[in-house]
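Structure, as structure tokens:
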Protein chains: 2
Amino acid sequence: MSMDITFLGTGSAYPSPNRGASALVLRTEGESWLFDCGEGTQTQFMRSSLKASKITKVFISHLHGDHLFGLPGLLCTISLNLNPHPDQPPPCVDIYGPCGLRRFLRVALELSSSQLLFSYAVHELEPSDEQSPVEGRLSPAMTVSGDTLHPQERAGTTVPLDPHTDCYNLIDDKQFVVKAFKLYHRVPSFGFSVEERERPGRLNTDMLKELGVKPGPLYGRLKNGESVTLDSGRVLTADEVLEPPLKGRKVCVFGDCSSPLGDGFKQACQGADVLVHEATLEDGQQEKAVEHGHSTPSMAAAAALACGAQTLVLHHFSQRYKPETLRRDGDDDVTELKRQAELVLQGSRTEVILAEDFLTLPIALKKNLTQ
Amino acid sequence: MSMDITFLGTGSAYPSPNRGASALVLRTEGESWLFDCGEGTQTQFMRSSLKASKITKVFISHLHGDHLFGLPGLLCTISLNLNPHPDQPPPCVDIYGPCGLRRFLRVALELSSSQLLFSYAVHELEPSDEQSPVEGRLSPAMTVSGDTLHPQERAGTTVPLDPHTDCYNLIDDKQFVVKAFKLYHRVPSFGFSVEERERPGRLNTDMLKELGVKPGPLYGRLKNGESVTLDSGRVLTADEVLEPPLKGRKVCVFGDCSSPLGDGFKQACQGADVLVHEATLEDGQQEKAVEHGHSTPSMAAAAALACGAQTLVLHHFSQRYKPETLRRDGDDDVTELKRQAELVLQGSRTEVILAEDFLTLPIALKKNLTQ
Ligand SMILES: [Zn+2]
Ligand SMILES: [Zn+2]
Ligand SMILES: [Zn+2]
Ligand SMILES: [Zn+2]
């Protein structure tokens with residue numbers, strides 16, 4: 001039930017000894033999901049308390065090198081350090097990202113003669129033309145990867161935009177609904193929202209004991225919402241002994257952008273517990289930021305406000321903003337970025353956090369809906 | 001005239017916080033030549049006193065990820081941090097490596113929409129079938145990259161093996177002769193030898209002064225080896241006032257291998273001042289090392305002995321061998337690898353050095369040939 005986010009790289013453009021290139025991990029129920037994988041992510045994993053071998057899903061927001069170039073090496077190193085269970089079928093790592101990702105990974109793994117002890121599948125999101133200037137679009141020839149899979153590759157899917165929601169439906173299972181949405185950047189970029197399903201409320205066992213109902217099949221029927229007739233003849237409805245359901249948590253991670261595109265982000269991120277957004281440059285440099293397809297703290301705050309997010313986490317800082325602990329006189333002050341976002345969010349309930357490499361942010365279970 | 005080698009990554013298989021993935025820099029005459037470029041090399045540059053922007057040539061020994069995956073990101077970051085001189089034509093970085101390197105780099109740069117402020121050319125070495133087991137050979141389809149160059153790519157060459165020398169002739173200019181030679185590994189791997197040209201001896205100006213010859217055109221003619229007639233009528237030959245020429249230095253860098261292949265390495269590395277060789281595992285694990293296409297210290301020492309190298313530098317250590325400064329009780333002892341190589345080299349004039357990340361090794365000018 002515990003859920004947290006760990007930032008492995010909070011720098012923009014390239015990895016530096018102060019800030020790694022983009023990568024963050026969402027941990028939940030023993031699985032780790034990786035969002036972006038800049039060069040050096042595997043080394044950042046080793047420096048952290050997280051295990052790269054727990055990764056079951058990878059989400060790549062866009063194909064810029066500072067979000068992508070660490071992926072082939074990470075997969076190779078996970079494989080090298082794996083102790084495969086010969087009885088278990090090797091797990092398949094699902095990788096989601098823009099068209100072209102499949103070809104990049106296949107070419108990198110094939111030319112380096114890399115064999116993996118697990119399989120992987122790349123599911124590609126079809127970008128829209130409006131997501132980038134013309135020069136940021138990849139020609140179809142660049143993204144077609146042919147029919148010959150890498151030996152450890154399983155066929156992936158191509159995920160189209162759902163025109164009704166303006167979102168891409170990536171995952172919809174018992175535990176999670178995961179969607180992607182469109183962003184505008186120098187190249188097509190995406191954001192992701194991960195929403196836990198509602199959890200059924202707990203049975204009020206104290207009340208059941210008072211009524212003389214012992215643990216057994218009746219408990220199960222009540223949990224399923226059925227009514228049951230007690231020995232006394234009394235009909236007990238589920239409502240009487242079931243606490244209200246727990247709303248699922250929602251975590252949203254934006255890729256690089258100078259703005260969201262369309263309404264998908266509002267649909268996907270409404271009421272987010274945590275919204276992670278880039279803030280490459282300070283408000284005073286908005287023109288330069290937008291020119292490079294990036295955001296300032298105020299722009300990030302506007303997105304958080306539009307979604308009613310509870311916590312806005314800023315990351316992807318220009319390497320000129322050193323971590324607070326390393327800052328010297330005359331250096332740019334990264335905490336200024338926090339203040340700029342807070343100014344926009346004044347009066348709202350949204351809290352602002354500055355990410356740093358290796359920061360872990362727990363995401364608390366929601367309270368009952370009625371509380 | 002100064003020349004040195006700096007190790008940026010001395011670990012095998014993958015980068016770790018203790019040892020970076022393979023990369024070393026040969027500095028000479030204001031230029032930096034990079035040998036191999038594992039993931040994280042750009043960050044290792046930032047941690048060192050070297051400047052990545054000084055790189056004019058790159059040599060990739062083979063296409064395993066721990067020698068290659070840092071290259072696209074390094075080029076992008078050099079470009080991002082460059083202050084181009086609008087008057088000067090941008091320099092062209094020459095990149096040498098096995099067939100397939102051109103396609104890897106082109107696909108990585110194109111799919112990430114990376115534009116560079118300088119141009120580059122990839123010169124590919126044609127491997128021989130015997131350089132690896134069958135499964136390590138790339139199909140021709142994998143290495144063909146088509147006619148469409150990346151916007152900053154200049155047409156590169158394909159370098160064939162010279163059957164007379166069993167070497168590849170890469171560079172032959174006023175200053176240097178650079179050759180590659182064949183190695184056996186799990187995938188085709190190459191070594192490189194860089195040889196400085198002989199330097200003409202200095203003029204003995206003290207003697208010329210005694211003879212009353214003043215600096216001027218006569219000096220130039222003597223330096224060119226001509227005889228001159230002095231005012232006194234005396235004929236002065238160049239031999240009388242020219243010191244013997246200085247032999248050039250020779251630095252050889254082997255790629256991953258379990259053995260050299262053919263005679264090229266002897267031809268290229270004879271009398272090397274410095275020979276850099278991998279020693280992935282200790283002598284006691286030779287079987288495992290060879291199975292994975294790697295060497296032990298004894299095997300590296302045998303290569304140094306065959307070439308009469310003056311200094312053997314070991315690197316590319318399994319990540320289980322921590323740097324001496326980080327070693328704790330019970331850890332494998334990397335200095336044992338040095339002793340194993342020294343045992344083989346007992347009685348020879350070859351010195352053994354263990355590389356560590358950020359070690360810089362100066363390579364002294366040679367003494368006069370007659371000394
Ligand atoms: Zn970025
Ligand atoms: Zn970007
Ligand atoms: Zn290696
Ligand atoms: Zn190798």
Side-chain angles (χ1 to χ4, degrees), chain A residues 13-18 20-21 38-44 46-47 62-78 80-81 98-115 132 135-139 141-143 145-146 148 186-188 319, chain B residues 13-18 20-21 38-44 46-47 62-78 80-81 98-115 132 135-139 141-143 145-146 148 186-188 319:
Chain A
Y14 52 85
S16 85
N18 299 328
E39 184 179 343
T41 297
Q42 58 170 305
T43 321
Q44 296 291 86
M46 296 174 203
R47 288 197 173 95
H62 64 300
L63 301 184
H64 273 155
D66 59 324
H67 300 252
L68 174 66
F69 284 165
L71 187 54
L74 179 76
L75 296 180
C76 290
T77 300
I78 290 174
L80 275 174
N81 290 309
C99 283
L101 178 56
R102 191 179 294 144
R103 179 158 181 255
F104 170 78
L105 201 53
R106 201 184 286 174
V107 169
L109 293 177
E110 284 186 347
L111 283 173
S112 59
S113 299
S114 301
Q115 299 291 327
S132 76
E135 62 270 21
R137 292 181 210 153
L138 295 175
S139 72
M142 283 301 304
T143 61
S145 37
T148 311
R186 277 179 304 139
V187 301
Q319 296 284 355
Chain B
Y14 53 84
S16 84
N18 300 327
E39 183 178 345
T41 296
Q42 58 171 305
T43 322
Q44 294 292 85
M46 296 173 202
R47 289 199 172 94
H62 65 298
L63 301 183
H64 273 155
D66 58 326
H67 300 253
L68 173 65
F69 285 165
L71 187 54
L74 178 76
L75 297 179
C76 291
T77 301
I78 291 174
L80 275 174
N81 291 310
C99 283
L101 178 57
R102 190 179 294 144
R103 179 157 183 257
F104 170 78
L105 201 53
R106 200 183 288 173
V107 168
L109 293 177
E110 284 185 347
L111 284 173
S112 59
S113 299
S114 301
Q115 299 290 328
S132 76
E135 63 269 23
R137 291 181 211 154
L138 295 175
S139 72
M142 283 303 301
T143 60
S145 37
T148 312
R186 276 178 303 139
V187 302
Q319 296 284 356

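Sequence lines set the chain letters: A, B, ... in the order given, protein chains first and strands last, and positions in each chain run from 1.
- Using a 4.5 Å cut-off between heavy atoms, A:Asn81 contacts chain B through its side chain alone, with no backbone atom that close.
- Options B:Glu135, B:Met46, B:His67 differ in how many heavy-atom pairs under 4.5 Å they form with chain A, and the most are formed by B:Met46.
- Contacts with chain A were tallied for B:Cys76, B:Gly20, B:Pro72, B:Gly65; B:Pro72 has the most, counting heavy-atom pairs under 4.5 Å.
- Of the listed residues (A:Ala13, A:Ser114, A:Ala21, A:Ala108), the greatest number of heavy-atom pairs within a distance under 4.5 Å of chain B belongs to A:Ala108.
- The distance from the CD atom of B:Glu39 to the CG atom of A:Leu74 is 8.0 Å, given to the nearest 0.5 Å.
- Summarising the geometry of A:Thr77 relative to B:Tyr14, their closest heavy-atom pair is OG1-CB, 3.3 Å, with the distance given to 0.1 Å.
- Side-chain contact between B:Ser113 and A:Leu63 is absent, with no heavy atoms from C-beta onward closer than 4.5 Å.
- Between chain A and the options B:His62, B:Gln115, B:Glu110, heavy-atom pairs under 4.5 Å are most frequent for B:Glu110.
- Between chain A and the options B:Gly100, B:Gly40, B:Pro17, heavy-atom pairs under 4.5 Å are most frequent for B:Pro17.
- With a 4.5 angstrom heavy-atom cutoff, A:Leu111 touches chain B via backbone and side-chain atoms both.
- Both the backbone and the side chain of A:Arg103 come within less than 4.5 Å of a heavy atom of chain B.
- Shown here for B:Phe69 and A:Ser112, the closest heavy-atom pair between the two residues is CZ-OG, 3.4 Å.
- Take A:Arg137 and apply the side-chain contact (heavy atoms from CB on, under 4.5 Å) test, not counting sequence neighbours, and it matches A:Asp129, A:Ser132, A:Val134.
- Comparing B:Arg47, B:His64, B:Gln44 by how many heavy-atom pairs each has under 4.5 Å with chain A, the most go to B:Arg47.
- Residues A:Ser16 and B:Thr43 come closest through the heavy atom pair C-CG2, 3.8 Å.
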